[in-house]
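Nothing here was measured: the structure is a model prediction, and the numbers come from that model. Just the heavy atoms: all of them, side chains too, but no hydrogens, waters or symmetry mates, feed the values below.
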Amino acid sequence: MNTWRNASLAVTAVAVLALTTACGQDQGTNTNGQSVGAAKPADAGYGADSGYGSDTGAAGAAAAKPAGQLAVWDSKKLGKVLTDSEGFTLYRFDKDTASPPKSNCEGDCAKAWPVVAAGDAKAAAGTDATLLGEITRADGTKQLTVAGWPMYRYAKDTSPGDANGQGVGGTWFASAPDGKKAAVAGSGSDSGTEVTPADLPGLSVRKDPKLGDIVVDSKGMTVYRFTKDSAWPMKSACTGACLEKWPVVAPVDKNDTEGIIKKGFVTFDRPDGIKQQSIDCWPIYTFAGDTKPGDTNGQGVGGTWFAVSPDSKLVGAPK
């Protein structure tokens, strides 16, 4: 009898452990309220591994390469992007100023973001040549400006057409031909917000200029979590009229996702009969107040609703 009882208890324990692990509660504690990137040091908005990109191995700022014949790259995600003669993306820095033109990227920052020399720069076909100008940096380098904004490349762009610097630190953005932040037409060309293409997977990741990496649905709409919910046991505190403002994210095939955690990626059968997708066993929602891709109007509402990071943490929530 004792042998049977012990075996039964062992099977039950294994089942509970499996469910617990699936829901991301290996330590028996919730992840609720942890801010995204809390364990990483602030990078001062420069977006490189040690804050400035000293991992590039350069002893100092890279020598400024001329831009040459500028061109325009038509990116599906970013719209029209300004490039140099070799097809490398040109960037602008939010901490710079255009009036008067001034660069605030010096020293280590300029290792990660090499300045574009004015030199022989020629306007791209069909663009306004009068927008091109230059500033003289402290070291005497003449740096290209477009509509007053100093231009840079990104050290981690290794091939023509790369745009790895887009949105880094929430302060670096690909430049449009008119010096504004590149964006798909109709999104607000100086908003820094990337409008999402129509062929997104069910859930994927978007780099928001203020919030960093956040999860979006197949329409590019921001996905949120509610701090009053729980993951273990899985429970939603948003019911009735709440769901009119915060519609649930319908179930998504695990294979129809990109860049998000797959742990605890299960369907929540709500008591009201609605089936809701969860990430790491946390129920997820969208916000009725978001009217277009790129909106984050639900962020911080009531101090209880926050965008979701790719690993299911709450973005920007107080600890």
Side-chain angles (χ1 to χ4, degrees), residues 24 31-53 55 75 77-78 89 91-96 105 109 112-113 152 154-157 162-174 181-184 187-188 190-197 200-201 203-217 219-227 249 257-263 279-280 282 284-287 290 292-301 303-319:
T31 55
N32 187 20
Q34 183 175 345
S35 300
V36 172
K40 296 180 180 179
D43 68 358
Y46 302 128
D49 293 356
S50 60
Y52 304 95
D55 58 308
S75 163
K77 290 185 177 182
L78 300 177
T89 300
Y91 297 89
R92 45 170 280 180
F93 184 32
D94 277 357
K95 294 185 179 181
D96 288 349
C105 180
C109 172
W113 303 92
Y152 307 83
Y154 185 40
K156 293 186 178 180
D157 284 351
D162 283 353
N164 298 314
Q166 175 68 8
V168 167
T171 55
W172 290 92
F173 299 96
K181 298 176 188 178
V184 173
S187 69
D190 207 28
S191 66
T193 300
E194 195 178 308
V195 172
T196 318
L200 281 177
L203 290 171
S204 60
V205 180
R206 179 176 70 82
K207 186 176 289 294
D208 184 88
K210 293 183 180 179
L211 302 178
D213 288 344
I214 59 175
V215 178
V216 296
D217 69 9
K219 297 178 181 178
M221 306 302 289
T222 301
V223 170
Y224 299 87
R225 269 183 45 193
F226 189 27
T227 61
V249 173
T257 65
E258 184 176 322
I260 67 171
I261 189 173
K262 300 296 178 68
K263 183 179 179 182
I279 302 178
D280 200 16
W282 289 98
I284 55 175
Y285 311 76
T286 55
F287 182 44
D290 287 345
K292 64 182 184 302
D295 281 355
T296 54
N297 298 317
Q299 177 67 6
V301 167
T304 56
W305 291 91
F306 297 92
V308 181
S309 74
D311 58 353
S312 191
K313 303 297 191 300
L314 299 174
V315 177
K319 296 182 180 180

>> Restricting to side-chain contact (heavy atoms from CB on, under 4.5 Å), what partner residues turn up for D94, sequence neighbours left out?
In response: R92, T171, F173, K181

> For N297, what residues pass the side-chain contact (heavy atoms from CB on, under 4.5 Å) criterion, not counting sequence neighbours?
Replying inline: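 Only F287, D290, D295 meet the side-chain contact (heavy atoms from CB on, under 4.5 Å) criterion with N297.
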
> Stepwise, does the side chain to side chain contact (heavy atoms under 4.5 Å, CB included) test hold for Y154 with V168?
Replying inline: CA-CA 10 Å; Y154 185 40; V168 167; 4.3 Å; yes

> Excluding sequence neighbours, so at least two apart, what forms ring pair (Phe, Tyr, Trp, His ring centres under 6.0 Å) with F306?
Replying inline: none

>> According to side-chain hydrogen bond (donor to acceptor under 3.5 Å, both in side chains), who are the partners of T286, at least two apart in sequence or on a separate chain?
In response: none

> Partners of D96 by side-chain hydrogen bond (donor to acceptor under 3.5 Å, both in side chains), sequence neighbours excluded?
Replying inline: Y152

Donor-acceptor check, side chain of [X] to backbone of [Y], threshold 3.5 angstrom: yes or no?
X    : Y    : value
N164 : K156 : yes
R206 : G220 : no
Q166 : A182 : no

Can you give me the closest heavy-atom contact between [X] and [Y], atom names plus distance?
X    : Y    : result
T222 : A307 : CG2-CB, 4.0 Å
G259 : P310 : O-CB, 3.4 Å
L78  : S75  : N-OG, 3.0 Å
L203 : D217 : CD2-CA, 4.0 Å

> Can you say whether the rings of W305 and F226 are parallel (under 30°), tilted (30 to 60°) or perpendicular (over 60°)?
Replying inline: parallel

>> Does the plane of the ring in W172 sit parallel, tilted or perpendicular to the ring in W113? Use 30° and 60° as the thresholds.
In response: parallel

>> With heavy-atom distances below 4.5 Å as the criterion, would you say the side chains of T296 and I214 are in contact?
In response: yes

>> Any heavy-atom pair between the side chains of V315 and D208 that's under 4.5 Å?
In response: no

Approximate separation, where rounding is to 0.5 Å, of [X] [atom1] and [Y] [atom2]:
X    : Y    : atom1 : atom2 : answer
D157 : T89  : CG    : OG1   : 5.5 Å
I260 : D280 : CD1   : CG    : 10.5 Å
L314 : S309 : CG    : OG    : 8.0 Å
K263 : I279 : NZ    : CD1   : 13.5 Å
S312 : R225 : OG    : CZ    : 5.0 Å

